[in-house]
2 protein chains.
Amino acid sequence: MRIGELSDRTATPRRLLRYYEEQGLIVPARSPNGYREYDEYNVDRVLQIRGLLDAGLPTRIIKQILPCLDKPRAIVFADATPEMIATLEHERDRMTERVNCLTRNRDAIAEYLDAVLANRG
Amino acid sequence: MRIGELSDRTATPRRLLRYYEEQGLIVPARSPNGYREYDEYNVDRVLQIRGLLDAGLPTRIIKQILPCLDKPRAIVFADATPEMIATLEHERDRMTERVNCLTRNRDAIAEYLDAVLANRG
DNA sequence: TCGAACCATCACACTTGTGTGAGGGTCCAG
DNA sequence: CTGGACCCTCACACAAGTGTGATGGTTCGA
């Protein structure tokens, strides 16, 4: 599919699809006429990227961790350098912290909402 | 305490403490000489702000939800306008999505790491 | 064959959260 | 009373993600 369809199916502006490519997060093929060509795989990929971006991870980090998130990942063992592993461990712990912080604060908001709604319901 | 001590105790650059103030997230008192004066309360406050920022929430939203996160919150029922409630519900759901996305991907990273480490350990 | 609807690159601009430094007050210890 | 360690405001700058538009090529249906 071309960029327009991918844009529709992922609710992502074309501009950003090109930006993600520029950042090395997706690597579309090119038609003879120069148009970008995407496959089904890229739909999930883009959605995953958006989720991680929305969760606060920068493209630089997303680029590093994306390969590990692929489902059939037997191939990836090769490029598991010590630095890479250290990065991943660090990022994993960071994400855990974020999850805790988010959960804590979301629960507080939910609790507040429940109280408010019960108070007027 | 003055800005330097708060900066030390929260591991936050002075610049950012002033920025958070500019964004209305904290409201320090002022000494006669113009110095900002913070109390103990602000330490937790700043840490909470940092956590939420790191979790991807913009200051604009943080400013809205902070009042609901205070522990003795009986007073706050007053300013619970319908728009405010809608914002909170939206943000609560958004945070839940983020938590899910982060958790999913963190687990994938952890799983990958476990596999890699088992593979060479 | 012409126009609409795509696509391309390039570039300028905005917002947010930060870094950094200039220029200048305050206060305390030596 | 002077030096150093604070504090102030102001301002310019940067990276990242994103918006928007200029300028121009391709494709396809009417």
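Just so you know, these numbers use all the heavy atoms, side chains as well, and skip hydrogens, waters and symmetry mates. Every chain is numbered from 1, with letters handed out A, B, ... down the list of sequences.
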Item to complete: Can you tell me which residue pairs pass the salt bridge (charged side-chain N to carboxylate O under 4.0 Å, His left out) test with a partner in residues 98-110 of chain A, sequence neighbours excluded?
Response: A:Arg98-B:Asp54
Discussion item. Classify A:Arg18 by what it touches in the nucleic acid, base, sugar-phosphate, or nothing, heavy-atom distance under 4.0 Å.
Written reply: base
Worksheet item: Touch check for A:Thr59, heavy atoms < 4.0 angstrom, all strands: base, sugar-phosphate only, or nothing?
Response: sugar-phosphate
Practice prompt. I would like to know whether B:Arg9 and B:Glu40 meet salt bridge (Lys or Arg N to Asp or Glu O under 4.0 Å); could you show each step before the answer?
Written response: CA-CA 10 Å; B:Arg9 292 182 56 185; B:Glu40 282 301 314; 2.9 Å; yes
Worksheet item: Atom CZ of B:Arg14 to atom C1' of D:dC6: distance rounded to whole Å?
Response: 8 Å
Item to complete: State whether B:Arg30 places a side-chain N or O below 4.0 Å from either non-bridging phosphate oxygen (OP1 or OP2) of D:dT9.
Response: yes
Practice prompt. Return yes if some donor-acceptor pair links the side-chain N/O of A:Ser7 with the main-chain N/O of A:Ile3 below 3.5 Å, else return no.
Written response: no
Show the atom names and distances, to 0.1 Å, of all donor-acceptor pairs under 3.5 Å that link a side chain in residues 10-17 of chain A to residues at least two apart or in another chain.
{"residue": "A:Thr10", "atom": "OG1", "partner": "A:Leu6", "partner atom": "O", "Å": "2.7"}
{"residue": "A:Thr10", "atom": "OG1", "partner": "A:Thr12", "partner atom": "OG1", "Å": "3.1"}
{"residue": "A:Thr12", "atom": "OG1", "partner": "A:Thr10", "partner atom": "O", "Å": "2.9"}

Worksheet item: Going 5' to 3' along DNA chain C, which nucleotides are the first and last within contact of chain B (any atom under 4.0 Å from a heavy atom)?
Response: C:dT16 to C:dC27
Discussion item. The criterion is side-chain contact (heavy atoms from CB on, under 4.5 Å); which residues satisfy it with B:Ser31, sequence neighbours excluded?
Written reply: B:Asn33, B:Tyr35, B:Glu37
Item to complete: State whether A:Arg15 places a side-chain N or O below 4.0 Å from either non-bridging phosphate oxygen (OP1 or OP2) of D:dT20.
Response: no
Fill in: Spacing between B:Glu22 atom CD and D:dC10 atom C1', to the nearest angstrom
11 Å
Discussion item. Quick one, A:Arg30 with A:Glu21, criterion salt bridge (Lys or Arg N to Asp or Glu O under 4.0 Å). Give me CA distance, side-chain angles, the key distance, then yes/no.
Written reply: CA-CA 12 Å; A:Arg30 292 289 182 139; A:Glu21 176 182 352; 3.3 Å; yes
Worksheet item: Hey, mind stepping through B:Arg50 and B:Tyr20 against side chain to side chain contact (heavy atoms under 4.5 Å, CB included) and telling me if it holds?
Response: CA-CA 10 Å; B:Arg50 301 227 95 199; B:Tyr20 300 155; 3.2 Å; yes
Practice prompt. Please collect all salt bridge (charged side-chain N to carboxylate O under 4.0 Å, His left out) contacts where either partner lies in residues 84-93 of chain B, sequence neighbours excluded, each pair once.
Written response: B:Glu91-B:Arg94
Worksheet item: When only distance counts, do a donor and an acceptor, one from the side chain of A:Tyr19 and one from the base of D:dG19, lie under 3.5 Å apart?
Response: no
Response to the item:
Separation of D:dG17 atom P from A:Ile61 atom CD1, nearest Å, is 11 Å
Worksheet item: Nearest nucleotide by nearest heavy atom, which residue falls closer to the 5' end of DNA chain D, A:Leu16 or A:Tyr35?
Response: A:Leu16
Discussion item. Between P on D:dA5 and CG on B:Asp8, what's the gap in Å once rounded to a whole number?
Written reply: 14 Å
Worksheet entry | Lys/Arg N to Asp/Glu carboxylate O, A:Arg18 vs A:Glu22, below 4.0 Å | no
Discussion item. Between B:Asn33 and D:dC7, is there a contact of a side-chain N or O with OP1 or OP2 at under 4.0 Å?
Written reply: no
Worksheet item: Between A:Leu53 (CG) and D:dT18 (C1'), how many Å, whole number?
Response: 11 Å
Practice prompt. Quickly work out the A:Leu52 CG to D:dA16 P distance and round it to whole Å.
Written response: 17 Å
Item to complete: Starting from P on D:dC7, measure out to CD on B:Glu37 and report it in whole angstrom.
Response: 10 Å
Worksheet item: Just how far, in rounded Å, is C1' of D:dC6 from CZ of B:Arg36?
Response: 13 Å
Discussion item. If the helix axis at each end comes from five base pairs, how far does the helix from C:dT1-D:dA30 to C:dG30-D:dC1 deviate from straight, to 10°?
Written reply: 10°
